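Here's the structure we're looking at; comments come further down.
Computed from a predicted structure; not experimentally measured.
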Amino acid sequence: VSFLLMGLIPMIIVGSVFYYTSSRALLKNANSEMTTLTAKAIELLDSQFTIYKMQMDNILAQSKQSTEMMQYGVDIDEGSRQNMEKTYSEILKTYPAFRRIRLMDVKGDEKISSEKTTAAQNASSLPWFQRASTAKEIVFSDVHIPKEIGAPVIIMAKAFSTPDGKIYAVIAVDIIADAATRPISNIRIGKEGFVYILDRDGLIVSYPDKTKILQLNLSTYDFGKEILQKKNGIMEYPWEGRDRFVSFQEYPAMGWIIVSSIFQEEILESANTMQFLFIVLVIVMALFSLITGIIFTIRLVKPINRVVVG
């Protein structure tokens with residue numbers, strides 16, 4: 001027993017200290033790398049929306065004749081409408097991320113639409129239309145599912161106004177949400193890690209499991225509430241029986257929070273491997289110490305027994 005304890009106690013202490021320090025070092029390194037990764041993901045996302053704005057400028061330029069007619073109160077004739085519908089259809093082929101293009105008057109009534117099969121919808125009561133009507137720049141809506149499209153989209157809108165600020169037309173482009181968030185959804189971290197996006201209310205707007213988009217609301221979970229409150233930081237939380245390590249940062253332009261996520265066990269994989277090897281080593285050393293102790297005891301006791309017998 002003495003041999004066993006003398007061999008095991010120092011090894012257990014050293015092994016425990018090593019596992020603790022190596023685990024902390026791995027988590028610290030993961031924190032730094034994932035914070036950088038999240039920042040890079042936001043840069044990719046920002047570049048994507050900058051491209052959309054440039055493409056919107058092209059649409060605005062090609063819509064100039066129709067918008068000028070609306071500015072001066074001239075009704076858009078059927079020929080001009082058909083020409084613009086054809087132009088919008090060609091634009092959709094050029095920009096596959098776009099689902100629909102509409103030109104509306106100040107009341108929100110559609111004047112021209114690339115979707116000939118859908119009934120005209122009045123947009124005056126919708127949040128994105130109201131924001132566009134009061135903003136000078138291009139605005140983006142939250143991710144939502146219009147009934148007439150049936151898939152998640154982001155609406156990019158720009159209002160036309162006279163020099164004195166009077167709105168006379170609005171152009172709206174439906175962007176396929178999956179295409180807009182693809183720079184994020186394509187990121188993979190290690191074996192099972194990924195990046196996902198929350199909107200300002202905690203709804204998932206980008207996630208590897210598409211069934212969770214606009215269905216899973218993380219604001220109903222304590223960790224989700226903390227992410228929404230802090231907006232920037234790192235944390236660990238349990239999810240589906242496993243611990244996740246996440247880094248999250250706000251993307252103010254869309255009111256989103258970008259979350260880089262990886263299972264903690266994957267971060268600690270190398271430390272856990274070392275821990276397993278250490279346990280095996282301890283068992284081997286324990287057996288060696290036990291056998292050595294038994295042999296030593298037999299050799300020590302045997303001469304004594306001879307003296308006692310003699």
Side-chain angles (χ1 to χ4, degrees), residues 45-177 179-180 252-256:
L45 201 59
D46 202 45
S47 296
Q48 183 83 322
F49 279 93
T50 299
I51 291 172
Y52 289 150
K53 289 179 181 179
M54 294 171 62
Q55 293 169 343
M56 179 63 139
D57 289 337
N58 181 36
I59 295 173
L60 300 178
Q62 296 193 55
S63 304
K64 186 176 181 179
Q65 180 180 352
S66 297
T67 56
E68 285 182 346
M69 293 175 69
M70 295 173 68
Q71 179 181 1
Y72 296 109
V74 178
D75 291 335
I76 300 175
D77 59 86
E78 187 61 27
S80 296
R81 180 178 291 104
Q82 289 180 358
N83 286 336
M84 280 310 305
E85 287 174 352
K86 183 178 179 181
T87 298
Y88 286 165
S89 296
E90 292 300 317
I91 291 173
L92 292 181
K93 294 178 183 177
T94 305
Y95 305 143
F98 294 168
R99 178 65 175 76
R100 177 177 60 173
I101 304 173
R102 291 172 291 168
L103 175 62
M104 289 164 277
D105 63 18
V106 67
K107 297 179 181 179
D109 293 324
E110 290 183 10
K111 296 301 180 180
I112 302 173
S113 174
S114 61
E115 290 282 344
K116 299 179 181 179
T117 57
T118 58
Q121 302 290 321
N122 184 280
S124 61
S125 63
L126 300 178
W128 62 264
F129 186 90
Q130 295 174 0
R131 284 179 54 216
S133 299
T134 57
K136 296 181 180 180
E137 304 296 330
I138 295 171
V139 301
F140 294 90
S141 75
D142 293 330
V143 178
H144 63 289
I145 303 177
K147 292 181 179 179
E148 62 273 20
I149 292 181
V153 300
I154 300 168
I155 294 180
M156 175 173 58
K158 177 71 170 68
F160 293 85
S161 60
T162 60
D164 59 358
K166 185 178 180 180
I167 303 297
Y168 58 86
V170 174
I171 284 187
V173 178
D174 294 70
I175 304 172
I176 301 170
M254 289 297 293
W256 291 349

### Query
With a 4.5 Å limit on heavy-atom distance, are the side chains of Lys64 and Ser66 in contact?
no
Value for CZ (Arg131) from CD (Glu137), rounded to nearest 0.5 Å, stands at 12.5 Å
Residue pairs passing the ring pair (Phe, Tyr, Trp, His ring centres under 6.0 Å) test with at least one member in residues 147-172, sequence neighbours excluded, are none
Okay, side chain of Asn122, backbone of Lys107: is any donor-acceptor separation there less than 3.5 Å? yes
- Task: Might you work through the side-chain contact (heavy atoms from CB on, under 4.5 Å) test for Met254 and Phe49, ending with a clear yes or no?
- Result: CA-CA 10 Å; Met254 289 297 293; Phe49 279 93; 3.9 Å; yes
When rounded to the nearest 0.5 Å, the distance separating CD1 of Ile167 from OG of Ser133 is 6.0 Å
Exercise for review: Decide, yes or no, whether a salt bridge links Asp174 with Arg102 under the criterion of side-chain N to carboxylate O below 4.0 Å.
Suggested key: yes
The ring pair (Phe, Tyr, Trp, His ring centres under 6.0 Å) partners of Phe98 (sequence neighbours excluded) come to Tyr52, Tyr95
Quick note, ring pair (Phe, Tyr, Trp, His ring centres under 6.0 Å) partners involving residues 54-78, not counting sequence neighbours, are none
| query | Yes or no on side-chain contact (heavy atoms from CB on, under 4.5 Å) for Met84 and Ser63, after CA distance, side-chain angles and deciding distance? | reply | CA-CA 7 Å; Met84 280 310 305; Ser63 304; 3.8 Å; yes
Exercise. Would you call Met69 and Asp77 a side-chain contact if the rule is heavy atoms closer than 4.5 Å?
Worked result: yes
side-chain contact (heavy atoms from CB on, under 4.5 Å) filter on Ile176, not counting sequence neighbours, yields Arg99, Asp178, Ala179
**Prompt:** For Gln55 and Thr94, what are the C-alpha separation, side-chain angles and deciding distance, and is it a side-chain contact (heavy atoms from CB on, under 4.5 Å)?
**Reply:** CA-CA 10 Å; Gln55 293 169 343; Thr94 305; over 6 Å; no
Notebook entry, point to check: Do Leu103 and Glu110 have side-chain heavy atoms sitting under 4.5 Å apart?
Noted result: no
Sorted by chain and number, sequence neighbours left out, side-chain contact (heavy atoms from CB on, under 4.5 Å) with Asp46 holds for Tyr251
Separation between CG (Asp105) and CE (Met70), nearest 0.5 Å, reads 5.0 Å
Check your understanding: Are any of the side-chain heavy atoms of Asp57 and Ile138 separated by less than 4.5 Å?
Key -> yes
Heavy-atom count around Gln65 CD within 6.0 Å, excluding the residue itself: above 12? no
_Salt bridge or not between Glu115 and Arg100? Use side-chain N to carboxylate O under 4.0 Å._
no
Sidechain-backbone polar pair: Ser80 side chain, Ile76 backbone, donor-acceptor under 3.5 Å: no
Heavy-atom closest pair (Ile145 atom, Ala151 atom, distance to 0.1 Å) is CG2-N, 3.5 Å
One should read off an interatomic distance between Ser124 OG and Asp109 CG, to the nearest 0.5 angstrom, of 7.5 Å
Taken in chain and number order and not counting sequence neighbours, the residues that satisfy salt bridge (Lys or Arg N to Asp or Glu O under 4.0 Å) with Lys166 are none
Output for pair (Lys158 NZ, Ile171 CD1), nearest 0.5 Å, gives 9.5 Å
Point to revise | Pairwise side-chain contact, Phe140 with Val173, heavy-atom cut-off 4.5 Å (strictly under) | key: no
To the nearest 0.5 Å, atom CD1 of Ile101 lies from atom CD1 of Ile59 at 4.0 Å
Nearest heavy-atom approach of Tyr88 to Ser114 is CB-CB, 3.9 Å
Notebook entry, point to check: Can you check whether Ile155's main-chain N or O pairs, donor with acceptor, with Ser141's side chain at less than 3.5 Å?
Noted result: yes
